[in-house]
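This one's a predicted model, so the numbers in the text were calculated from it and none came from an experiment. For ligands, and for the atoms within them, numbers begin at 1 and follow the listed sequence.
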Amino acid sequence: MTYKKVPSIESDAFGTVAVLYGGLSAERDISLQSGNAVLQALQAKSVHAIGVDVDKNIISRLQEINPDRVFIALHGVGGEDGKVQGMLDWLGIPYTGSDHASSSLAMNKLRTKQIWTAVGLPTPKYQVLTAESDWSAVMDSLQYQVFVKPVNEGSSLGMSFVNRTDELEAAYKKAAEHDHTVIAEQRVEGKEFTVSVLNGQALPPIQLKTDHVFYDYDAKYISEDTQYLCPCGLTKEKVEELQSIALRAFHALGCKGWGRIDFMQDQDEQFYLLEANTVPGMTSHSLVPMAAKNVGLDFEDLVLEILTGSVGG
Ligand SMILES: Nc1ncnc2c1ncn2[C@@H]1O[C@H](COP(=O)(O)OP(=O)(O)O)[C@@H](O)[C@H]1O
Ligand SMILES: [Mg+2]
């Protein structure tokens, strides 16, 4: 599998690059790790890069630094959801990744599923939950295998797996602490895959294997037992099918630059889209860097590819 690099640019042609990280979301800690790794990589490539921990003073900080472009390494609400992107558009500063509209669509798991469904892409069956939901009717329609999710959160925060009707209301309340909209999604039992997208191309899929009930916060960031397979173990035809769905899913939301699409595969080998991440993790152990390595891009090369992708866009 190959990746075609975008035409390279001299390091100083990027000018001053502000790397935005940290922020105010529940994923702040991961973003600090991603941002620091990105900052180090840019500096190692002789790019004039400055790290900025984002808080309410972000606009005056940016006016002070006056960057030529921004590398967004913020995860979750406030950074991955279009707000920072809209602010940067307003200030006229180019940035990496998706614009404000596609970022905010991709951040919302319900809107994302509605768009994918509208364009004929496969995503698991779901229902929107409210405090008045008929819990047993929901469990019945989703086959008693249900993931409850706040629609605007990441890193598996506020999510639960439920297989008994009497657990559903508590799971709803837990998710509702994170967000005003909560969905119940039918479980797809089988293998889990993720596909990274870089400058219009799908990178090799990674299969994720965890002993946990699902790929939860601990399995993502703490556990040593989570296994990542790349090559992912699928046939060439299935890899192509998965990559093609990933690219269609990415473009249906209007996403740009880079990102990562999460999937499940059922027992009949059908793929189902779970969600799109427009600013995926960028620590040295993260999934996009792992996929990039498989096509010969080391972490520093990858960071530079993402930054170069933001030029002219
Ligand atoms: N419908 C589903 N069927 C099977 N597993 C799921 C389903 N939804 C979520 N999961 C599991 O939960 C994890 C996190 O869900 P995801 O929708 O990707 O949210 P997050 O934004 O928290 O990553 C997935 O990586 C997967 O392991
Ligand atoms: Mg996910």
The Mg ion (ligand 2) - name of the N/O/S atom of E275 that sits closest to it: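 Among the N, O or S atoms of E275, the one closest to the Mg ion (ligand 2) is OE2.
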Name of whichever N/O/S atom of D262 is nearest to the Mg ion (ligand 2):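 For D262, the N/O/S atom sitting closest to the Mg ion (ligand 2) is OD2.
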By ring pair (Phe, Tyr, Trp, His ring centres under 6.0 Å) - contacts of W135 (at least two apart):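 With sequence neighbours excluded, W135 shows a ring pair (Phe, Tyr, Trp, His ring centres under 6.0 Å) to Y172, given in chain and number order.
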Q145 near ligand 1 by a heavy-atom separation under 4.0 Å: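 Contact check Q145 vs ligand 1: negative.
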Any K109 heavy atom less than 4.0 Å from ligand 1: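 Yes.
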Check: T194/D262 side-chain N/O donor and acceptor closer than 3.5 Å: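 Yes.
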No-hydrogen, no-angle side-chain donor-acceptor test under 3.5 Å, T112 and E275: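 No, E275 and T112 have no side-chain donor paired with an acceptor closer than 3.5 Å.
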Under 4.0 Å between a side-chain nitrogen and a carboxylate oxygen: does that hold for [X] and [Y]?
X	Y	value
K125	E185	no
D266	R187	no
K209	E192	no

May I ask you to check if ligand 1 and [X] share an N or O to N or O distance below 3.5 Å?
X	answer
R187	no
K149	yes
V188	yes

Return all side-chain donor-acceptor pairs below 3.5 angstrom for residues 10-20, not counting sequence neighbours, or 'none' if the list is empty.
{"residue": "S11", "atom": "OG", "partner": "K45", "partner atom": "O", "Å": "2.8"}
{"residue": "T16", "atom": "OG1", "partner": "H48", "partner atom": "ND1", "Å": "3.0"}

Show me which atoms of ligand 1 lie under 4.0 Å from any heavy atom of [X].
X	result
E185	1 (N), 2 (C), 7 (C), 8 (N)
D262	18 (O)
Q186	1 (N), 2 (C)

